[in-house]
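First up is the structure itself, then whatever we jot down about it.
One is the number of the first residue; the rest follow in order along the sequence. We count ligands from 1, going down the list as the structure has it; atoms in each ligand are counted the same way.
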Amino acid sequence: MAFSEDVKIKAMVACGRYCCICHKFCGNNMEVHHIKAQADGGDNSFENAIPLCFDCHAIVRQYDPKHPKGIKFSEKELVQHRDAWYKHMHQENTNARKQCKTNKIEPIKIYHQKGYKNIMLNKVSNGKEILTYLIETYGITYDEEAETLEEVKLIGEFIQNIKELLDFNDLLDEPYDRIMTAFNLTESIKELDRVGFWVFVGKEDKVVTGGIKEPEIFPTLLIRIVRKDSSEIIKVNFENR
Ligand SMILES: [Zn+2]
């Protein structure tokens, strides 16, 4: 009798196909060794199995009690090698999963401002985010690349909604209006996403000079509605920003 397929699979997954003794990645070149030999009454359970590379397996089996040389791998030691390595792999997997969650890849777009510093635009996924940008902005500039009538309509409505918000800024003072506005914008963003667009926003400080007065700065909301597959979109690691 040998180990069942289930036990072997479970063992391969637990060790990540790294040898439990030398910790070398072995791919297909692995064997599952009986910690307590079958001749000594060892069973085919997961608890009695240790995944090893060919080399380590040969060494573990090689020991000749008639001509003892070196230190034999005891059953107890093999169990400890295996358990320590399984634990290590489990920890690695947990860390990798955590990393996937925190190291979010976020798309951004860089707006090349003429004669001024470049501005990083962030992708927005809901209306609330846009509302936070709208506070203390005095205008919007936008750019889009609609091609079909459906796209023109969706983008047109979206921009129109935001323009109205700017024109009637007191709309945002009423909690109910705020919630409804945010909801409508979120729906628009979802619709745009459905037809293949992402919405990016940022703030640009427009400098207005007039006559003898000091130049005035007007923060302006930049909206860029970009096709998801556009080469202008850069994907950055959230953590490394
Ligand atoms: Zn090995």
(request) Please determine, by modelled atom types, if D43 and H34 share a side-chain donor-acceptor pair under 3.5 angstrom. (result) no
The Zn ion (ligand 1) to [X]: any N/O/S contact under 2.8 Å?
X   : value
C26 : no
C56 : yes
H23 : no
C19 : yes

K123 and F200 have their tightest heavy-atom pair at N-CD2, 3.5 Å
- Item | Carboxylate-amine/guanidinium contact R227 E144, below 4.0 Å | no
Exercise. Between R194 and E150, is there a salt bridge with N-O shorter than 4.0 Å?
Worked result: yes
Within 45° cone and under 6.0 Å: K8 NZ/CZ vs F3 ring: no
In this structure, the Zn ion (ligand 1) sits at the vertex of an angle between SG of C22 and SG of C53 that rounds to 10° as 110°
